[in-house]
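Each remark here refers to the structure printed beneath this line.
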Amino acid sequence: MSFRAPVNEYRFIIDTLLDVDALRQTDRFAEATEDMTAAILSEAGKLCDEVIAPLQRPGDLHPARLENGVVRTSPGFVDGFRAIAEGGWIGMGANPEYGGMGLPMILTSAVNEMLSGACIALQLAPLMSQGQIEALEHHASDAIKELYLPKLISGEWTGTMNLTEPQAGSDVGALKSKAEDNGDGTYTINGQKIYISWGDHDVADNVCHLVLARLPGAPEGTKGISLFLVPKFLPNEDGTVGPRNGVTTVSLEHKLGLHGSPTAVLQYENAKGWMVGPEQGGMAAMFTMMNNARLGVGGQGIGVAEAAYHHAMTYALERKQGKSLHGFTIAAHADVRRMLMAMKADIFAARAIALTCAYAIDMANATDDATWSSRAALLTPIAKAFGTEVGIRVADMGIQVHGGMGFVEETGAAQFFRDVRVTAIYEGTNGIQAMDLVARKMMDGGEMAGRLLDEVEATAEAARADFPRMAEAVWQASETLRETTDWLVAQEDLTDRFAGAVPYLHAFARVLGGYFHLSAAMADRGGPREKLARFYINRLLPEHASLLEQVRIGQDDLYAMDLDELSA
């Protein structure tokens with residue numbers, strides 16, 4: 001497969017579109033210099049191109065398997081994970097006190113995306129650990145931090161998150177897993193969890209599960225849930241791996257894609273665990289991990305999109321079919337060119353949105369400024385949903401570029417679609433992300449959204465002299481989005497908001513994409529980025545108008561038919 005880590009794309013966005021100097025002037029990230037940033041991205045790119053990308057196809061063709069109670073991962077995955085761990089890539093953003101690098105989220109996000117493009121099935125393992133590391137840093141006791149964080153950061157142990165049960169998917173409050181206080185600082189956990197990514201494997205010595213469960217007498221729903229750390233093997237006093245805990249891998253899921261990633265059904269039978277965070281504070285603690293994972297999953301979509309684009313581009317440049325005045329391969333045909341341009345333009349838009357979200361997280365962590373936290377909160381559902389939808393759309397177009405050969409598994413084009421499809425479901429479906437955006441993230445009356453749109457329009461005004469048509473299109477799109485946001489926050493019935501939540505999120509992403517493409521054009525006048533910006537603003541940005549029309553319709557047409565009529 002023709003994967004190349006997009007190192008230069010990340011350097012352009014970080015150095016040109018983000019105010020990275022302001023980040024480097026903070027005490028927390030003063031060491032993340034331009035030279036360090038360049039070196040990190042370059043070394044990560046080499047790892048992805050030379051070590052991780054060759055594992056992509058073997059992971060699909062030779063899935064993880066459960067044999068006599070032992071999970072065996074795909075060929076090469078053990079060595080691939082060790083390369084990631086030994087390079088320090090798992091603990092890039094972790095606290096240096098426990099062995100982490102303490103680097104900004106913008107770099108962690110960049111490296112994670114590159115790893116996803118190289119082999120998303122393997123990249124899921126360090127991503128899960130990173131989320132658990134952050135949750136423990138924020139919510140665990142000092143004793144837990146001192147024991148578990150160095151092991152997770154080094155990759156000696158890995159982490160998971162255990163929310164879903166057969167009867168409790170998005171409705172986490174319906175879970176039935178139980179915890180009982182043993183009176184000695186430990187708890188006994190019983191229950192079953194499903195869809196646990198990297199829930200068991202052979203790439204590390206221990207698997208540490210963050211498990212949601214309910215104590216006796218706790219209220220129903222999410223308010224009564226507590227969070228527990230339950231390792232596969234109980235640690236000895238010296239931190240080495242001890243006896244097996246009461247955690248059993250019942251089975252591995254048979255999935256559409258991500259065959260190299262062992263997704264487990266786990267049974268907890270009198271397993272020993274330790275509480276993380278306060279009693280009945282499980283959801284707050286778990287959301288720390290989930291928010292980290294949501295940005296990470298958006299990056300997974302972008303990473304797979306990058307890989308699918310390169311795969312399609314390679315094929316289009318080699319495949320000769322028909323005639324065109326513009327060349328001798330299918331890359332010269334207008335419709336194939338349209339798809340390739342759309343793929344490249346959407347990847348840039350999604351990547352810029354994700355990195356802008358990561359930058360807001362970094363500034364919030366470095367300055368304790370609530371404005372940055374609010375910005376990160378608003379951008380997170382957009383980054384997750386748009387990044388994963390771009391992954392799905394680009395992978396789908398990649399199959400189309402291949403034509404009939406895309407439907408043949410041997411070409412590898414279909415794997416990208418199969419692998420990335422679940423990202424729109426992971427960590428809260430994209431519909432849930434959109435509902436979060438129009439409800440919880442609009443509790444400020446749309447103030448933060450308005451601030452972002454102020455910046456979009458200021459950039460459009462600055463671009464009018466050089467790019468009048470593009471600048472006007474971006475400015476008008478921003479104004480339409482602003483007007484729709486005002487309509488949205490005025491709706492007291494949340495169902496009216498939810499009815500248009502998904503088109504609203506995608507319209508917001510379209511406008512932000514236009515903003516970033518216009519900014520890129522200003523930095524590259526007459527160059528390829530200006531040409532790509534023209535394509536995006538001329539052909540993709542106009543989608544915002546029809547999307548926002550859907551938002552303002554409300555709920556009535558959705559419920560005009562009763563269920564009997566709908567199912568007839």
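- Contacts of Glu253 classified as side chain to side chain donor-acceptor pair (under 3.5 Å), with partners at least two apart in sequence or in another chain: none.
- A donor-acceptor distance shorter than 3.5 angstrom exists from the side chain of His333 to the backbone of Gln321, with no hydrogens or angles considered.
- You'll find the side chain of Thr495 stays beyond 4.5 Å of the side chain of Leu558, heavy atoms only.
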For residues 398-408, which side-chain N or O atoms pair as donor and acceptor with protein atoms under 3.5 Å away, sequence neighbours left out?
residue	atom	partner	partner atom	Å
His402	ND1	Gly398	O	2.8

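- Counting non-hydrogen atoms of other residues, nucleotides and ligands closer than 6.0 Å to CZ of Arg4 gives a total of 12 or fewer.
- Checked for salt-bridge contact, Asp396 and Arg393 miss the test: no charged N lies under 4.0 Å from a carboxylate O.
- Counting only heavy atoms from C-beta outward, the side chains of Trp198 and Val203 approach each other to under 4.5 Å.
- Contact check for His544 versus Leu481: no side-chain heavy atoms found under the 4.5 Å cut-off.
- Partners of His259 according to the ring-ring contact (aromatic ring centres under 6.0 Å, His included) rule, which considers only residues two or more places apart in sequence or in another chain, do not exist here.
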Working for side chain to side chain donor-acceptor pair (under 3.5 Å), residues Ser478 and Glu457:
CA-CA 7 Å; Ser478 177; Glu457 291 175 14; 2.9 Å; yes
Where do Thr388 and Tyr426 land on the side chain to side chain donor-acceptor pair (under 3.5 Å) test, with the steps shown first?
CA-CA 10 Å; Thr388 56; Tyr426 273 158; over 6 Å; no
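- Asn8 is linked by a side chain to side chain donor-acceptor pair (under 3.5 Å) to nothing, counting only residues two or more places apart in sequence or in another chain.
- In this structure, Arg24 fails the cation-pi test against Phe29, since its NZ or CZ atom is not both closer than 6.0 Å to the six-membered ring centre and inside 45 degrees of the ring normal.
- Considering only heavy atoms from C-beta on, Arg351 stays 4.5 Å or farther from Phe348 through its side chain.
- Screening Arg552, Glu479, Glu549 for a side chain to side chain donor-acceptor pair (under 3.5 Å) involving Thr484 leaves a single residue, Arg552.
- Within the 4.5 Å cutoff, the side chain of Asp346 has heavy atoms near those of the Arg510 side chain.
- For Thr429 (side chain) and Ile425 (main-chain N/O), no donor-acceptor pair under 3.5 Å exists by modelled atom type.
- Side-chain contact between Leu55 and Ser74 is absent, with no heavy-atom pair separated by less than 4.5 Å.
- Between Leu122 and Ile84 the shortest side-chain heavy-atom distance falls below 4.5 Å.
- For the side-chain contact (heavy atoms from CB on, under 4.5 Å) with Leu488, the lone residue among Leu437, Asp496, Leu548, Val438 that qualifies is Val438.
- For Arg451 and Asp454, the salt-bridge test fails: no basic side-chain N is under 4.0 Å from an acidic carboxylate O.
- Within a 6.0 Å radius of CZ in Arg482, other residues, nucleotides and ligands contribute more than 12 heavy atoms.
- The residues Arg418 and Glu409 are annotated as salt-bridged, a charged nitrogen and a carboxylate oxygen being separated by less than 4.0 angstrom.
- Under the side chain to side chain donor-acceptor pair (under 3.5 Å) criterion, Arg464 pairs with Glu461, Glu472, sequence neighbours left out.
- Considering all non-hydrogen atoms of both residues, Ala383 and Ile353 come closest at CA-CG2, 4.0 Å.
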Working for side chain to side chain donor-acceptor pair (under 3.5 Å), residues Asp419 and Gln300:
CA-CA 10 Å; Asp419 283 351; Gln300 287 182 323; over 6 Å; no
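- Proximity of Asn112 to Gln130: side-chain heavy atoms (C-beta onward) are separated by under 4.5 Å at one or more points.
- Between Arg375 and Glu455 there is a salt bridge, since at least one side-chain N of the basic residue sits less than 4.0 Å from a carboxylate O of the acidic one.
- Proximity of a side-chain donor or acceptor of Asn538 to a complementary backbone N or O of Arg534 within less than 3.5 Å is detected.
- Interatomic distance, OG1 of Thr423 versus CG of Asn430, reported as 7.0 Å (0.5 Å rounding).
- Under the side chain to side chain donor-acceptor pair (under 3.5 Å) criterion, Tyr10 pairs with Glu113, sequence neighbours left out.
- Using a 4.0 Å cut-off between charged side-chain N and carboxylate O, Glu530 and Arg525 make no salt bridge.
- Side-chain atoms of Ser374 and Asp444 include no donor-acceptor pair closer than 3.5 Å.
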